[in-house]
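Just so we're on the same page: letters track the sequence lines, and every chain starts at 1. Reckoned from all heavy atoms, side chains included, excluding hydrogens, waters and symmetry mates.
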2 protein chains.
Amino acid sequence: MFPAMRVKIVGLDPHQQYYIAMDIVPVDNKRYRYVYHSSKWMVAGNADSPVPPRVYIHPDSLASGDTWMRQVVSFDKLKLTNNELDDQGHIILHSMHKYQPRVHVIRKDFSSDLSPTKPVPSGEGVKTFSFPETVFTTVTAYQNQQITRLKIDRNPFAKGFRDSGRNRTGLEAIMETYAFWRPPVRTLTFEDFTNMQKQQGGSNFWSSLVITFGMSV
Amino acid sequence: MFPAMRVKIVGLDPHQQYYIAMDIVPVDNKRYRYVYHSSKWMVAGNADSPVPPRVYIHPDSLASGDTWMRQVVSFDKLKLTNNELDDQGHIILHSMHKYQPRVHVIRKDFSSDLSPTKPVPSGEGVKTFSFPETVFTTVTAYQNQQITRLKIDRNPFAKGFRDSGRNRTGLEAIMETYAFWRPPVRTLTFEDFTNMQKQQGGSNFWSSLVITFGMSV
DNA sequence: CAGTTCTCACCTAGGTGTAAAATT
DNA sequence: AATTTTACACCTAGGTGAGAACTG
C-alpha cells in the first residue's frame with residue numbers, strides 16, 4: 001500500500017509492552033465505479049460478500065511503549081490483495097470498494113489471542129484510531145491521471161516512469177532540494193477519537209494516549 | 001561474514017525469554033602472514049593492540065526459548081570492519097589476525113546491561129559456545145584460490161563471477177541438483193563445552209542446553 | 001467493454017569479487 | 001613489496017506502472 005500510513009505515538013507507558021497492528025474495514029456497504037467525465041466515484045450496487053478478516057501486526061511488535069514512542073511507526077510493508085484464497089498473510093479486500101485503515105494499540109497483557117487471521121480483540125487493553133483522510137477506494141487499474149502522477153512522483157520505486165522532460169514548477173523544484181521535507185502532520189488525541197466515536201470513556205491508563213498521522217510522501 | 005554461522009538450539013526453557021548474541025575473540029596474541037609456496041599461515045609478529053569490543057545481538061532478540069528452538073539461528077547479517085572508528089555497529093577486527101566467533105545465550109532476567117558496545121556479561125544467566133572449526137584469519141584480500149572459489153561458488157551474491165564454462169565434477173553436478181542439501185552438522189552439548197573449557201559446572205537450569213553448528217553453505 | 005491478470009522494463013537497495021590506485 | 005582502499009560491473013531480491021492479453 002502506497003502511500004504508507006505513518007503514525008507518531010505519545011502517551012504510552014514507557015515500560016509496558018505493546019503490539020501495534022493495522023486492519024482495514026469497509027466504509028459502507030456499496031460497490032463503486034469511477035465516472036471519468038465527472039471525476040467522481042459513484043455507487044454501483046451493493047458490496048460483495050465480506051472476506052476473511054486479516055490483521056497486519058507491525059513487524060516491530062512486541063516492543064515497549066518507550067520504543068514505539070521514539071520512532072515514526074510506518075506501515076510501508078503492509079500488502080493488499082484481492083485474492084480471497086491468499087496464503088501470504090496479505091490483507092484481503094474487494095476491488096472497487098471503499099475502505100478505512102485503522103491503527104490498534106494493544107497492551108501485551110491483553111493480547112492472548114492476537115493473530116493475523118482473527119479480528120483484533122476489543123476491550124480495556126486495546127485502543128483503536130482512524131483518520132478519515134485515509135479512506136481510499138480499491139482498484140486493479142488506476143482510474144484517473146492524478147493518482148497515477150502521485151504514485152509515480154512520490155514512490156521511489158516508480159522513478160523509472162518519471163517524465164524528467166516535464167519541468168517541475170518553481171515551487172516543486174525548490175521543494176525537491178529539501179530532501180528532509182515532510183508534509184504537515186495532523187494530531188488526534190484519544191479524547192478526539194472517543195468523541196468522534198461517541199465512545200463511553202476510556203480507562204485512566206490510556207487517558208494521555210495521542211497518535212499523530214502523516215502520509216509517507 | 002560469509003559463510004555465515006548457523007546454529008540449532010535445544011534445551012532452552014520454552015517460556016523463558018532469551019537474547020542470542022555473537023562476539024569474535026582473538027585466538028592468540030599473534031599477527032600472521034600467508035606463505036604462498038607452503039600454503040600456510042605463519043606467525044609474523046605480535047598482535048596489534050586490542051580494539052573496542054563489539055557484540056552482535058541477533059536481530060530476532062528478544063524471543064522465547066520456544067521461538068529460538070523452532071528455527072535455525074543464522075548470523076548472516078553480521079558485518080566485520082577493520083575501521084576502529086566504525087560507527088555502523090559492525091564488529092571491529094584487525095586484519096591478518098586469527099579469531100574465533102562465540103555464540104552467547106543470555107537469559108532475559110540476567111541481561112540488564114547487554115549492549116552492542118560492551119562485553120557480554122558472564123555469570124549464571126549466560127552460556128557461551130565456541131566451535132573450533134569456525135576459527136578464521138582476517139584479510140583485506142584473499143590469499144589463496146581455494147577460499148576465492150568457496151566464496152564465489154557458495155555465495156549467491158557472487159554468482160556473476162562463477163565460471164559456468166568450467167564444468168563441475170560428476171559429484172558436484174549431482175549435488176547441485178539437490179537444492180535443499182546442507183552439509184552435516186556437528187552437535188556440541190553444554191557438557192562437552194564445560195569439559196573443553198574446564199569450567200566448574202553449570203546450574204541445573206542449563207544442564208540440557210545443546211547447540212548445533214552448521215555452515216551456511 | 002469494463003475490469004482483471006500477466007509479463008516486462010526499470011527502478012531501489014544492497015551484497016559480491018576484480019583490478020587499478022593508493023598507502024605504508 | 002605487501003597490504004589496503006576505491007570504483008565498478010554484476011549479481012540477488014523485490015517494489016513500480018505500462019501495456020498486452022485475458023475474462024465474463
In whole angstroms, how far is the C1' atom of C:dC1 from the CE atom of A:M96? 13 Å
Report the residue (B:Y34 or B:G160) whose heavy-atom-nearest nucleotide on DNA chain D is the more 5′ of the two. B:Y34
Distance, rounded to the nearest Å, where B:N144 contributes CG and D:dA2 contributes C1': 16 Å
Could you give all pairs that pass the salt bridge (Lys or Arg N to Asp or Glu O under 4.0 Å) test and reach residues 26-38 of chain A, with sequence neighbours left out? A:R31-A:D48
Write out all pairs satisfying salt bridge (Lys or Arg N to Asp or Glu O under 4.0 Å) with one or both partners inside residues 87-103 of chain A, taking only residues at least two apart or from two chains. A:D23-A:R102
Going by side chain to side chain donor-acceptor pair (under 3.5 Å), name the residues that satisfy it together with A:T148, two or more places apart in sequence or in a different chain. none
With sequence neighbours left out, what residues match B:S115 under side chain to side chain donor-acceptor pair (under 3.5 Å)? B:T117
In whole Å, I'd like the distance from the CG atom of A:N82 to the C1' atom of C:dA2. 15 Å
Heavy-atom protein contacts under 4.0 Å, nucleotides 12-24 of chain D, coded B base, S sugar-phosphate only, - none: B-BBBBS------
Mind checking salt bridge (Lys or Arg N to Asp or Glu O under 4.0 Å) for B:D86 and listing every partner two or more places apart, or none if nothing turns up? B:R54
Would you please say whether a donor-acceptor pair under 3.5 Å links the side chains of A:Y34 and A:N144? yes
Tell me whether the side-chain N/O atoms of A:T140 come closer than 4.0 Å to OP1 or OP2 in C:dT5. no
